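A quick note: this is a predicted structure, and the numbers were derived from the prediction, not measured.
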Amino acid sequence: MATTVKSHDPLWVYPEKNPALFQALTKEFSIHPVTAQILISRGFKTIEEVHEYLYAKLPNLLDPDLFPDMDKAVDRVLLALSENEAILIYGDNDVDGMTAASLLTEFFRAIGAKTIVEIPNRASLKRSLIGDALEIALKNHCKLMITVDCGITAAKEIQEVVAHGIDVIVTDHHEPTSKIPHCAATLNPKLINSTYPNRELTGVGVAFKLAHAVTNALIEQEKISPIKIDLKNYLDLVALGTIADMGSLRGENRILVRYGLRQLRKLKRVGLAKLFQVSELLPQDVTPTDIASKIAPRLNSLGRIAEPIKGVELLLIRDSDAAEKLAKELDLFNLERQKIEKEVADDIENTIYLHPEILKEKAIVLHSDKWHPGIIAILSARIAKQYNRPTLIISIEQGIGKGSIRTIPEFPLLPILKQNADLLINFGGHDFAAGLTIKEENIPIFRQRFIQAADHALKEHDVVSKLYLDAKIDFKDLTFDFMESLNLLEPFGNENSPPILYCDAVQVWPPKLIGKFHMKFFLEQGDRMLEGIGFGLGPRRDQLRRKGLNLRIAFTPHINMFLNKASIQLHIKDFQIQDI
């Protein structure tokens, strides 16, 4: 059994004030003062920025032709259509890749293209980045291959595909780390010469842009009727992939996800409907948090421990019985993934517990030949968040290590990976989430260099966990009207998290322990009493055994339904005892 290592209490970061903007926002938008302060805390500087954030609609989506190579990509797709060429859609094995592959497959079939789709199983360390794409393309006589959510770092493999007379369109959103693939077109908002204003599109977002541009061209050339393709039908896939891939929910992504959630709630895809059932989710209430915590893990379990192509099958399936069977299969894979994940998580926690010196460094690098390569990404993210440090977890198989890295804003990853490329077989990803493969014998020297770089770059306060507070509020202002005004800020997700508010309150009586790890609070301010729930705060109950304690609490307010009665409940993130 694992022994949880205690991480430090977070440093509270109080909201910055901007009186002039505060006055302007409350006057211009007639919003609650607390909501205005939340917007200021989120970094908005002008009325125009706030207006775009609150009220941007589908017509405000960016023109897909802003991608430099979009015209080349569209021309090559139209040629494939006119010549009746088979198109291979080749995607990454996570939810972003599955949704992007599903979107383009469904779209191309709708416009009459012959389409083959493949998602490689990359849990194996032996696969290259583009795996067996060439073999599949040749076997199916494909003249065009479109990568989705992958390909930007696979110049060598793509060169080989092109050498066999197959054109390649790369659609990806990962940071280029070396030579750009030589191919028919490269669509990636992170290319150095990209003129596309939204760098934060995920893989499925880029795929949607290609579908949008092709649709525009076909309508312009009068090859299809304007009513033949309704691009809104694909936004459920865009929302699913963007949320699962932790895409920023600001700017254009926010529009895509907002409208995508509306489409998702209609549950027109029978496979998703069955997946919602096994996940015990009600479609009309689904939130990005539900998708990230219940839907995405079930789909991702395929890429971790099973066959990820089943994810595409589920998203495209039309038969209800087959969909139900597949959804139940995914649920079982997810249970298996959870079991494997717990074993590895326990092992990692015990390692840190037995070697406390690990936390004296400003980065964590751990490796083992006992850890399943399919779940290291989940665990590197969790450990990085728990200890607020750059974290690299490496799974070793037959002398080759597959590593997953997550970091903190103060320590971007790509510079350090590029500096140490001589030690790596390959690497790719973003500044804040990356992957690598490395020979086992190179791990010790890479570990040393990685930790030294973090120790040099990061100060002590950088690795202290921080709790960013959005606004102060009084209990009297926590009304259903105020909760309604917070809906303006949805959908919540990465870079647009639910607001964290704070206030001072009196503990009426000591908290009640729920299960082993959670606490129910009973709090009073003025003449109003509210209940709070502190998930994971159970171990701190001994600090609160006295009635009448003065507390400062940080929380997110929620509407709780019990026996058809709604009440406002506080989800408490942290507390400080004010009594001296």
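- Between Leu486 and Pro499 there is a side-chain heavy-atom pair separated by less than 4.5 Å.
- Comment: Glu200 does not engage Arg254 in a salt bridge, judged by the lack of any side-chain N to carboxylate O separation of less than 4.0 angstrom.
- Atom CG of Leu249 sits about 12.0 Å away from atom CD1 of Ile255, to the nearest 0.5 Å.
- When side chains are defined from C-beta on, His174 does not count as touching Thr153, because their heavy atoms never get closer than 4.5 Å.
- Side chain of Asn253 to main chain of Arg250: no donor-acceptor pair is present (N/O by atom type, distance under 3.5 Å, no hydrogens or angles).
- Remark: Arg406 is not positioned above the aromatic ring of Phe432, lacking an NZ or CZ atom under 6.0 angstrom from the ring centre and at most 45 degrees off the axis.
- No side-chain N or O of Tyr53 forms a donor-acceptor pair with one of Glu48 less than 3.5 Å apart.
- Annotation: Glu280, atom CD; neighbour count of heavy atoms from other residues, nucleotides and ligands within 6.0 Å does not exceed 12.
- Checked against Tyr90 for a side-chain hydrogen bond (donor to acceptor under 3.5 Å, both in side chains), the options Asp132, Thr147, Asp149 give a single hit: Asp132.
- Checked by atom type and distance alone, the side chain of Ser279 pairs as donor or acceptor with a backbone atom of Leu275 at under 3.5 Å.
- Glu313 contributes atom CD, which lies 11.0 Å from atom CE of Met98 (distance to the nearest 0.5 angstrom).
- Side-chain atoms of Ile500 and Tyr468, non-hydrogen and from C-beta on, never get closer than 4.5 Å to each other.
- A salt bridge is defined here as a Lys NZ or Arg NE, NH1 or NH2 lying under 4.0 Å from an Asp or Glu carboxylate O, and Lys209 with Glu252 meets this definition.
- In this structure, Glu49 places its CD atom where more than 12 heavy-atom neighbours from other residues, nucleotides or ligands lie under 6.0 Å away.
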Checklist entry - How far apart are the C-alpha atoms of Phe108 and Val77, what are their side-chain angles, what is the distance that settles it, and do they pass the side-chain contact (heavy atoms from CB on, under 4.5 Å) test? => result CA-CA 9 Å; Phe108 282 131; Val77 168; 3.4 Å; yes
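- Between Leu81 and Leu78 there is a side-chain heavy-atom pair separated by less than 4.5 Å.
- In this structure, the side chain of Arg265 engages the main chain of Val286 through a donor-acceptor pair within 3.5 Å.
- What you find for Ala184 and Asp167 is that their closest heavy atoms are CB-CB, 4.4 Å.
- A 4.5 Å side-chain heavy-atom check between Ile87 and Ile116 finds every atom pair outside the cut-off.
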- Task: Evaluate side-chain contact (heavy atoms from CB on, under 4.5 Å) for Arg42 paired with Asp470, printing each intermediate quantity in order.
- Result: CA-CA 8 Å; Arg42 297 292 165 97; Asp470 286 295; 3.0 Å; yes
Applying side-chain contact (heavy atoms from CB on, under 4.5 Å) to Leu237 and Ser102, what does each step give before you reach the verdict?
CA-CA 8 Å; Leu237 296 173; Ser102 302; 4.2 Å; yes
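- We find the CG-CD1 distance between Leu134 and Ile158 to be 11.5 Å, quoted to the nearest 0.5 Å.
- Under the 6.0 Å distance and 45° angle rule, Arg262 counts as a cation-pi partner of Tyr259.
- The side-chain heavy atoms of Pro390 and Ile405, taken from C-beta on, include no pair separated by under 4.5 Å.
- Between the Ser225 side chain and the Ile227 main chain, a donor and an acceptor come within less than 3.5 Å of each other.
- Arg109 CZ to Ile89 CD1: the interatomic distance, rounded to the nearest 0.5 Å, is 9.0 Å.
- For Arg298, the salt bridge (charged side-chain N to carboxylate O under 4.0 Å, His left out) criterion is met by Asp331, not counting sequence neighbours.
- Ile394 approaches Trp371 most closely through the heavy-atom pair O-CE3, 3.6 Å.
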- Message: Using the rule given for salt bridge (charged side-chain N to carboxylate O under 4.0 Å, His left out), can you reason through Glu175 versus Arg199, listing the C-alpha separation, both sets of side-chain angles and the distance that settles it, and then say yes or no?
- Response: CA-CA 10 Å; Glu175 294 279 359; Arg199 270 189 110 251; 2.9 Å; yes
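- For Gln284, the CD atom sits in a packed shell: over 12 heavy atoms of surrounding residues, nucleotides or ligands are nearer than 6.0 Å.
- Salt bridge present: Asp236 and Arg269 bring a charged side-chain N and a carboxylate O closer than 4.0 Å.
- Listed by chain and residue number, Lys72 satisfy the salt bridge (charged side-chain N to carboxylate O under 4.0 Å, His left out) test with Asp69 (two or more places apart in sequence, or in another chain).
- Using a 4.0 Å cut-off between a side-chain N of Lys or Arg and a carboxylate O of Asp or Glu, Glu329 and Lys310 qualify as a salt bridge.
- Remark: Ala322 pairs with Ile317, Asp319 by the side-chain contact (heavy atoms from CB on, under 4.5 Å) rule, at least two apart or across chains.
- Here the CE-NE2 distance, from Met70 to His212, works out to 9.5 Å after rounding to the nearest 0.5 Å.
- Scanning both residues, Ile119 and Ala101, for their nearest heavy atoms gives CD1-CB, 3.7 Å.
- Side chains of Ser485 and Thr35: a donor-acceptor N/O pair is present below 3.5 angstrom, by distance only.
- Side-chain atoms of Ser194 do not come within 3.5 Å of backbone N or O of Lys190 as any donor-acceptor pair.
- Of all non-hydrogen atoms in Asn93 and Pro120, the two that sit nearest each other are CB-O, 3.4 Å.
- Relative ring orientation between Phe450 and Phe411 is described as perpendicular, the plane-to-plane angle rising above 60° on a 0-90° scale split at 30° and 60°.
- Checking side-chain atoms of Asp92 against main-chain N and O of Gly97 turns up no donor-acceptor pair under 3.5 Å.
- A distance-only check finds no donor-acceptor pair linking the side chain of Asn420 to the backbone of Leu423 [under 3.5 Å].
- Ser380 places no side-chain N or O within 3.5 Å of a backbone atom of Leu392 that could act as its donor or acceptor partner.
- Relative ring orientation between Tyr234 and Phe107 is described as perpendicular, the plane-to-plane angle rising above 60° on a 0-90° scale split at 30° and 60°.
- Using a 4.5 Å heavy-atom cutoff, the side chains of Leu281 and Ile295 are in contact.
- Using a distance-only test at 3.5 Å, with no hydrogens or angles considered, no donor-acceptor pair links the side chain of Thr202 to the main chain of Asp245.
- Contact between Leu210 and Ala73 at its shortest, heavy atoms only, is CD1-CB, 4.0 Å.
- The heavy-atom pair separating Ala327 from Val278 by the smallest distance is O-CG2, 3.9 Å.
- Contact of the Glu341 side chain with the Arg382 side chain is registered, since non-hydrogen atoms from C-beta on lie closer than 4.5 Å.
- Residue-environment remark: NZ (Lys418) exceeds the threshold of 12 foreign heavy atoms within 6.0 Å.
- Under 3.5 Å, the side chains of Asn188 and His173 contain no donor-acceptor pair of N or O atoms.
- Salt-bridge check for Glu85 with Arg76: passed, with a basic side-chain N closer than 4.0 Å to an acidic carboxylate O.
- Put simply, CG on Asn198 and CG on Leu66 are 11.0 Å apart, with the number rounded to the nearest 0.5 Å.
- For Glu160 and Lys156, the salt-bridge test fails: no basic side-chain N is under 4.0 Å from an acidic carboxylate O.
- When the options Thr242, Val238, Asn496, Leu240 are evaluated for a side-chain contact (heavy atoms from CB on, under 4.5 Å) with Val257, the one that passes is Thr242.
- Remark: the backbone N or O of Lys232 is paired with a side-chain donor or acceptor of Asp230 at under 3.5 angstrom.
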